[in-house]
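What you see below is based on every heavy atom in this structure, not just the backbone, and it leaves out hydrogens, waters and symmetry mates. Labels below follow one simple rule: chain letters A, B, ... track the order of the sequence lines, proteins then strands, and each chain is numbered from 1.
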There are 2 protein chains.
Amino acid sequence: MRKHNSTNALNEQAILDQCGMAYTLSLIGGRWKPSILWALIRNDKVRYSHFKKVIPEISDRILALHLRELEADKLIRRVVYAEVPPRVEYELTDLGRSMEVMLEQMTTWGAFHKEAVKGSAT
Amino acid sequence: MRKHNSTNALNEQAILDQCGMAYTLSLIGGRWKPSILWALIRNDKVRYSHFKKVIPEISDRILALHLRELEADKLIRRVVYAEVPPRVEYELTDLGRSMEVMLEQMTTWGAFHKEAVKGSAT
DNA sequence: CAGCATCCAATGAGATACTG
DNA sequence: CAGTATCTCATTGGATGCTG
């Protein structure tokens, strides 16, 4: 059977359900989500254009897409100012803030791991 | 320019370099890696066939592939017993153990987030 | 400025069959 | 038992151009 309705997607669903860890990964697992989150953590409010400044390589599509996903996951909030030159700011929600420690730990561990591997890790 | 040597890959490299968080994600970011790691955390030694028991949906290819990656990243160790019926056991390295707390935190946060979103998250 | 829409490329994952 | 090889498909990410 070649044409099933995506084993991949089904599998993912199953995993997300059974393992909170995979669930978490799915929330922050986009290519650029770490960078976006990071920018939000360091700055209270971030404008669309600011994202593009701190993450120059990202494309509009991906940025907008990831922002929407994060918003849908209640991690960030989108604040629109109905002004003449459109202005939109993004900020972390409480939920978003609640993952700061986790993200910092990931950063720390990542650095630690990188060191260990470079050296003579077991 | 359509045919560069993978912007995607280059981007990923750049991210990994600047952000330990993304680096960490890249280590545990495979579809099944969480499950594999989880199995390793709960059991000291896990045989190839055991993985397939606890993760029935995984295919041989992906399992072997992920195991190799984790091994390359020094997170797990592959112990081969040159016996008549081939036996191979996998276990966490010290480095692998060092991420237990992080993974647990991710699990906890994931559960927390799931609850929050289900309710009336901000 | 902020952001969609369309289209294309690259990666990751799955099925199946075969081997030491 | 514990894989490997090949091949295909799904998903994700990227480039470009257009709009309110």
Side-chain angles (χ1 to χ4, degrees), chain A residues 1-16 22 25-36 45-72 76 78-90, chain B residues 1-16 22 25-36 45-53 55-71 76 78-90:
Chain A
M1 68 203 249
R2 188 64 53 71
K3 219 318 191 155
H4 27 31
N5 153 29
S6 174
T7 314
N8 195 353
L10 293 176
N11 279 344
E12 172 145 38
Q13 234 0 83
I15 297 174
L16 295 190
L25 281 174
S26 76
L27 294 182
I28 58 181
R31 163 88 78 251
W32 298 99
K33 280 191 190 162
S35 306
I36 293 176
K45 293 170 178 297
V46 181
R47 297 185 56 174
Y48 188 89
S49 53
H50 183 69
F51 279 120
K52 303 198 54 170
K53 248 173 283 177
V54 298
I55 319 174
E57 311 94 330
I58 201 171
S59 65
D60 278 326
R61 193 180 102 88
I62 301 302
L63 177 54
L65 216 129
H66 280 177
L67 287 172
R68 302 240 158 295
E69 284 179 24
L70 292 170
E71 194 192 353
I76 65 175
R78 187 160 170 267
V79 184
V80 183
Y81 299 84
E83 300 172 351
V84 185
R87 186 156 65 100
V88 180
E89 286 180 350
Y90 294 88
Chain B
M1 66 206 257
R2 190 62 55 69
K3 219 318 185 158
H4 26 30
N5 153 29
S6 174
T7 314
N8 196 353
L10 293 177
N11 279 345
E12 173 143 40
Q13 234 1 83
I15 298 174
L16 295 191
L25 281 173
S26 76
L27 295 182
I28 58 180
R31 165 85 78 250
W32 298 99
K33 280 190 189 162
S35 305
I36 293 176
K45 292 169 180 298
V46 181
R47 297 186 54 174
Y48 188 89
S49 53
H50 184 68
F51 279 119
K52 304 196 52 168
K53 246 172 285 177
I55 319 175
E57 311 94 330
I58 200 171
S59 65
D60 278 324
R61 191 180 106 86
I62 301 301
L63 177 54
L65 215 128
H66 278 177
L67 286 172
R68 301 239 161 295
E69 285 179 22
L70 292 170
E71 196 192 353
I76 65 175
R78 187 160 170 267
V79 184
V80 183
Y81 298 84
E83 299 174 350
V84 186
R87 187 154 66 98
V88 179
E89 287 179 349
Y90 295 88

Who are the side-chain hydrogen bond (donor to acceptor under 3.5 Å, both in side chains) partners of B/Glu89, not counting sequence neighbours? B/Tyr81, B/Arg87

NZ (A/Lys52) and OG (A/Ser59) are apart, to the nearest 0.5 Å, by 8.0 Å

How do B/Glu12 and A/Tyr90 order along DNA chain C: which one's closest nucleotide is nearer the 5' end? A/Tyr90

Report the nucleotide, chosen from D/dG14, D/dG3, C/dA13, that has the shortest atom-to-atom distance to any side-chain atom of B/His66. C/dA13

What is the distance from CD1 of B/Ile62 to C1' of D/dT11, rounded to the nearest Å? 13 Å

Donor-acceptor contacts, no H, no angles, side chain residues 62-72 of chain A, under 3.5 Å, sequence neighbours left out:
{"unit_1": "A/Glu69", "atom_1": "OE1", "unit_2": "A/Lys33", "atom_2": "NZ", "d": "2.6"}

Look at the side chain of B/Arg87 and decide which nucleotide, out of D/dG3, D/dA2, C/dG14, has an atom nearest to it. D/dA2

Picking from C/dG20, C/dC1, C/dG3, which would you name as closest to the side chain of A/Arg47? C/dC1

Between CG of B/Leu16 and P of D/dG13 the distance, given in whole Å, is 13 Å

Sugar-phosphate only, base, or nothing, as touched by B/Tyr81 at under 4.0 Å among non-hydrogen atoms: nothing

Using side-chain hydrogen bond (donor to acceptor under 3.5 Å, both in side chains) as the criterion, list what pairs up with A/Arg78, not counting sequence neighbours. A/Tyr90

Could you state the atom-to-atom distance from CG of A/Leu63 to P of C/dG3 in whole Å? 8 Å

Restricting to salt bridge (Lys or Arg N to Asp or Glu O under 4.0 Å), what partner residues turn up for A/Glu12, sequence neighbours left out? B/Arg31

Residue-phosphate contact under 4.0 Å: B/Arg68 side-chain N/O, D/dG3 OP1/OP2: yes

With A/Arg47, which residues qualify under salt bridge (Lys or Arg N to Asp or Glu O under 4.0 Å), at least two apart? none

So, taking the atom named CZ in A/Phe51 and the one named CD1 in A/Ile58, what distance separates them when rounded to the nearest 0.5 Å? 9.0 Å

Rounding to the nearest 10°, end axes of the helix from C/dC1-D/dG20 to C/dG20-D/dC1 built from five pairs each make an angle of 50°

If I take atom CG in residue A/Leu25 and atom P in nucleotide C/dG12, what distance separates them, rounded to the nearest angstrom? 15 Å

Need one value for A/Pro86: base, sugar-phosphate or nothing, where a base atom within 4.0 Å counts as base even if backbone is also close, heavy atoms only. base

When the nearest nucleotide of DNA chain C is assigned to A/Asn11 and to A/Val88 on a heavy-atom basis, which residue is associated with the more 5' position? A/Val88

Residues in residues 48-61 of chain A with a heavy atom under 4.0 Å of DNA chain C, by number, are A/Tyr48, A/Ser49, A/Asp60, A/Arg61

Interatomic distance where CD belongs to B/Glu71 and C1' belongs to D/dA2 [whole Å]: 14 Å

Report the distance from atom CD of B/Glu89 to atom P of D/dG3, rounded to the nearest whole Å. 11 Å

Of all heavy-atom pairs linking B/Ile28 and B/Pro34, the shortest is O-CD, 3.7 Å

Roughly how many Å is it from CD1 in A/Ile15 to C1' in C/dA13, rounded to a whole number? 11 Å

From CG of A/Leu65 over to P of D/dG14, roughly how many Å is that when rounded to an integer? 11 Å

Return no unless some side-chain N or O of B/Trp32 is found under 4.0 Å from OP1 or OP2 of C/dG12. no

